[in-house]
There are 2 protein chains.
Amino acid sequence: MGDLPRMKRRTRQHQAIYDVIVAADRPLLAQEILTLAAGAVPQLSIATVYRTIKALQETCTIKAVLLPGQNPRYEPADHSHHHYFQCRQCERVFDVETCPGNLDNLVPSGFTLEDHEIILYGRCCECSTGTIVLATASTLNVG
Amino acid sequence: MGDLPRMKRRTRQHQAIYDVIVAADRPLLAQEILTLAAGAVPQLSIATVYRTIKALQETCTIKAVLLPGQNPRYEPADHSHHHYFQCRQCERVFDVETCPGNLDNLVPSGFTLEDHEIILYGRCCECSTGTIVLATASTLNVG
DNA sequence: CGGCAAATGATATCGCATTCGCAATAGCGG
DNA sequence: CCGCTATTGCGAATGCGATATCATTTGCCG
């Protein structure tokens, strides 16, 4: 996997957390990161997950993905502008690469538009087919 | 002002809270509701605000407006489908009545789109003109 | 007007994500 | 291989929005 950001020491915990975030094809909750990285470092602590998340954010290696009313998820920071799709069944959040582009026509007159966020809701591919998929470790295809 | 939802007794507190939410032209935080309604009922308690919000939601009189990483705001439930604009300076949230419409082309193949949310960020009319406006009671033009 | 129970205000408490404190562990330079 | 100290794991503590508790107030019906 890739390189870790500048930390004074290289540890199995940091590497496992970093690997899991990079390998995932979608933003992960802190708890998901813990569950997944615990596959490589079984006794991994949630405190270490939070500490590492914070360090990775400070070096702009990962960024937080905030959805309304939900805990933060994290994904690599090098993704270009994109949006999100949340499955209402398995609750997983997926990146949506396309963007409708200019939304200036939505803005009330006198307002200045600087940025926008679009969140789509529905059923993901697997949940659309009738497959029952819950957001547990077993459904997180990482690595 | 309008009628209150079915509650066993009519109180000044309920009426003041309801009035403030209806009169506002934008979704309000619980704290904003407290500040504004306290104009009519000075000793109003935050507990009563939360109790009334809950009751008004249960009767579908108001609904929660959730923005990423922020506390819930509340607005009348009878508004049609719309989106939101948040001013990055005064932090107020405004309704945006227009909607770009069909977003099916954004959805990855195999996914089923059921709903969407769009949040615009920038400067509101007042903050675009250089006027300094902070989200305090004095800036909440209610009633 | 009287009386009962709903509603309120003040404050304590909860829930829960996140952070802290500290002893134990383990990178890594020498 | 040593030793220093960054890092970890564990459990306790924190922060804060929201809710519960309870004595007091107040609608409201008769």
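Keep in mind the model is a prediction, meaning the values are calculated, not measured. So you know, we letter chains A, B, ... as the sequences are listed, proteins then strands, and number each from 1.
Under the salt bridge (Lys or Arg N to Asp or Glu O under 4.0 Å) criterion, the residue pairs touching residues 106-123 of chain B are A:R88-B:E114, A:R88-B:D115, A:E114-B:R123, A:R123-B:E114, with sequence neighbours excluded.
Near DNA chain D, defined here as any heavy-atom distance below 4.0 Å, there are no residues from residues 63-72 of chain A.
Taking side-chain N and O atoms only, B:H14 has no distance below 4.0 Å to OP1 or OP2 of D:dG27. Applying the 4.0 Å criterion to OP1 and OP2 of C:dG9, one finds that B:T48 has a side-chain N or O inside that range. Phosphate contact (OP1/OP2 of D:dA18, side-chain N/O of B:Y50, threshold under 4.0 Å): present.
At a threshold of 4.0 angstrom between heavy atoms, the contacts of B:I46 with the nucleic acid are absent.
When atom types are taken as modelled, the side chain of A:Q86 and the backbone of A:E91 share a donor-acceptor pair closer than 3.5 angstrom. In this structure, the side chain of B:E32 engages the main chain of B:L29 through a donor-acceptor pair within 3.5 Å. Checked by atom type and distance alone, the side chain of A:T48 never pairs as donor or acceptor with a backbone atom of A:L44 at under 3.5 Å.
The separation between B:Q31 atom CD and D:dC16 atom C1' is 11 Å, rounded to whole Å. Whole-Å rounding puts the B:L29 CG to D:dG17 P distance at 10 Å. Taking atom CG on B:L34 and atom P on D:dC16, their separation rounds to 17 Å, with Å as the unit. The distance from atom OH of A:Y74 to atom P of C:dA17 is 12 Å, rounded to the nearest whole Å.
In summary, the side chains of A:Y18 and A:Q13 do not present any donor paired with an acceptor at a separation below 3.5 Å, with no hydrogens or angles considered. Side-chain contact of B:H81 with B:E97: a donor-acceptor pair under 3.5 Å is absent, judged by distance alone. For A:Q89 and A:E126, the side-chain atoms include no donor-acceptor pair closer than 3.5 Å.
Looking at residues two or more places apart in sequence or on another chain, you find a ring pair (Phe, Tyr, Trp, His ring centres under 6.0 Å) between A:F111 and B:F85, B:F94.
In the hydrophobic clustering of this structure, A:I119 does not group with A:V96; members are Ile, Leu, Val, Met, Phe, Trp, Tyr whose side-chain heavy atoms approach within less than 4.5 Å, directly or through other members.
The 5' end of DNA chain C is approached more closely, in terms of each residue's nearest nucleotide, by B:V49 than by the other of B:V49 and A:K54.
Using a 4.5 Å cut-off on side-chain heavy atoms (C-beta onward), B:P27 and B:V93 make contact.
Comparing the local axis fitted to the first five base pairs of the helix from C:dC1-D:dG30 to C:dG30-D:dC1 with the one fitted to its last five gives a bend of 30°, rounded to 10°.
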Can you pull every protein N or O that's under 3.5 Å from an N or O on nucleotides 22-24 of chain C?
none

Original post:
What string of B, S and - do you get for nucleotides 25-30 of chain C, 5' to 3', if B is base contact, S is sugar-phosphate-only contact and - is no contact with any protein heavy atom under 4.0 Å?
Top reply: -BBS--

